[in-house]
Protein chains: 2
Amino acid sequence: MGIFSKTCEYAVRAVFYIAQSSQEGRKVSIKEIAEKVKSPEPFLGKILQNLSKVGLIQSTKGPHGGFFIDPEGLKKPIADIVLAIDGEQIFTGCGMGLDYCSEKNPCPLHHDFKKVRNQLSSMLKKTSIGQFNLQLIKGSVTLYK
Amino acid sequence: MGIFSKTCEYAVRAVFYIAQSSQEGRKVSIKEIAEKVKSPEPFLGKILQNLSKVGLIQSTKGPHGGFFIDPEGLKKPIADIVLAIDGEQIFTGCGMGLDYCSEKNPCPLHHDFKKVRNQLSSMLKKTSIGQFNLQLIKGSVTLYK
DNA sequence: GTTATAAAAGATGTTTAACTCTTTTATTAT
DNA sequence: ATAATAAAAGAGTTAAACATCTTTTATAAC
Ligand code: FES
Ligand code: FES
């Protein structure tokens with residue numbers, strides 16, 4: 001596995017796709033999202049359910065219903081998705097798995113690991129979910145391969 | 001979970017402890033290592049068995065036997081431990097879980113994620129297993145809490 | 001209000017990672 | 001040789017992550 005859990009990877013890809021669709025004024029169904037971001041449909045349903053519960057995305061049931069993100073949601077950082085799925089360990093935890101990370105009682109990796117962790121955090125916090133859509137729309141980046 | 005798997009965290013802590021002991025000229029038993037780095041003893045046994053198979057550490061059976069690291073092993077980078085346990089995905093994989101990471105067909109995170117990944121790689125590759133012992137011996141860093 | 005649509009909710013199943021136990025083999029000391 | 005020690009090897013268990021299936025609820029169109 002990579003840095004994030006598989007569940008989290010699905011979530012990020014899905015949210016990006018929903019964001020893009022929302023900016024085009026469309027709601028999208030689980031089925032469509034699952035196809036476009038290559039994730040198992042029923043599992044993605046559960047993930048989106050959770051993201052919806054914490055208010056990161058919105059949805060409406062029934063015909064022409066589906067998932068979308070309101071303008072407030074588009075302003076939120078990508079970090080919020082990761083936090084909702086994988087928790088804060090990745091932003092604050094010790095690289096060697098010690099119970100807690102501290103300056104006073106650091107592990108051998110601490111000094112360097114802290115930098116990596118900080119860079120990861122700032123990358124996820126500095127960019128909002130909505131900001132990626134320009135890139136996506138003009139086709140310079142992709143959500144599937 | 002953090003950036004590395006739990007198994008990998010145990011492995012790194014254990015290898016550091018073994019390295020320290022080796023530089024003091026002692027072999028150490030699974031029991032001792034498990035206590036000192038806070039890992040489940042039988043599980044750690046399996047992990048060390050694997051590291052031993054790939055030649056990262058050495059061991060001898062019987063009385064006064066145990067694990068140690070030869071001078072060659074001490075020169076190897078920490079990255080080798082991570083690679084042996086978690087695989088190369090963490091060094092090369094796409095942050096959003098796309099099948100492969102590429103410059104030509106990048107995901108939205110690619111540009112920034114690449115930097116994080118590179119920093120992580122260089123951190124793990126630049127320092128050898130043996131280099132940590134000075135810090136460990138003088139007590140400025142720790143392997144348990 | 002009936003029907004169609006689509007997500008929510010809840011229960012269930014599968015796979016992988018984490019962890020344990022038992023038996024065997026190698027080494028050393030007596 | 002025998003007994004003691006410690007890892008290797010292999011089989012087995014448990015828990016968590018990943019994934020599916022079924023039923024219910026909300027919404028919209030007719
Ligand atoms: S103590 Fe290990 S990363 Fe800070
Ligand atoms: S394509 Fe996603 S990190 Fe490179």
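A, B, ... follow the sequence lines: proteins, then strands. Residue 1 opens every chain. Bear in mind the structure is a predicted one, so any value in this text is a computation, not a measurement.
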Distances under 3.5 Å between nitrogen or oxygen atoms of protein and nucleotides 1-5 of chain C:
residue : atom : partner : partner atom : Å
C:dT5   : O2   : A:Pro63 : N            : 3.4

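Summarising the geometry, the separation between CD on B:Glu41 and C1' on C:dC21 is reported as 12 Å, rounded to the nearest angstrom. With rounding to whole Å, A:Lys31 atom NZ is found 19 Å from C:dA8 atom C1'. Per the geometry, CD belonging to A:Gln58 stands 18 Å off P belonging to D:dA26, to the nearest Å. The separation between A:Leu44 atom CG and C:dA6 atom P is 16 Å, rounded to whole Å. In this structure, B:Asp86 atom CG and C:dA18 atom P are separated by 8 Å, rounded to whole Å. Spacing between atom CD of A:Gln49 and atom C1' of D:dT20 amounts to 13 Å, rounded to whole angstrom units. Straight-line distance from the CD1 atom of B:Ile30 to the C1' atom of D:dA6: 8 Å, rounded to whole Å. One atom, CG of B:Leu51, and another, P of D:dA8, lie 10 Å apart when rounded to the nearest Å.
Ring geometry for B:Phe4 against A:Phe113 counts as tilted: the plane angle lies between 30° and 60°, on a 0 to 90° scale.
Judged by a 6.0 Å distance limit and a 45° cone about the ring axis, A:Lys38 is not positioned over the six-membered ring of A:Tyr144. For the pair B:Lys125 and B:Phe91, the cation-pi test (distance below 6.0 Å, angle within 45°) is passed.
Each of A:Gly66 and B:Tyr10 was matched to the nucleotide of DNA chain C holding its nearest heavy atom; the match closer to the 5' end belongs to A:Gly66. Sequence order on DNA chain D of the closest nucleotides to A:Cys8 and A:Thr60 puts A:Cys8 first from the 5' end.
Ranking D:dT20, C:dA18, C:dA7 by closeness to the B:Lys6 side chain, first place goes to C:dA18. The side chain of A:Phe67 lies closest to C:dA7 when the candidates are D:dA7, D:dT20, C:dA7.
Looking at heavy-atom distances under 4.0 Å, B:Lys46 makes contact with a base. Using a 4.0 Å heavy-atom cutoff across all strands shown, A:Leu48 reaches no nucleic acid atom at all. Here A:Pro42 lies in heavy-atom contact (under 4.0 Å) with a base.
In this structure, a donor-acceptor pair under 3.5 Å is present between the side chains of B:Ser128 and B:Gln131. No side-chain donor-acceptor contact under 3.5 Å links A:Asn105 and B:Thr142. Defined by atom type and a distance below 3.5 Å, a donor-acceptor pair is missing between the side-chain atoms of A:Asn133 and A:Gln20.
At a threshold of 4.5 Å between non-hydrogen side-chain atoms, the residues B:Ile90 and A:Ile3 count as touching.
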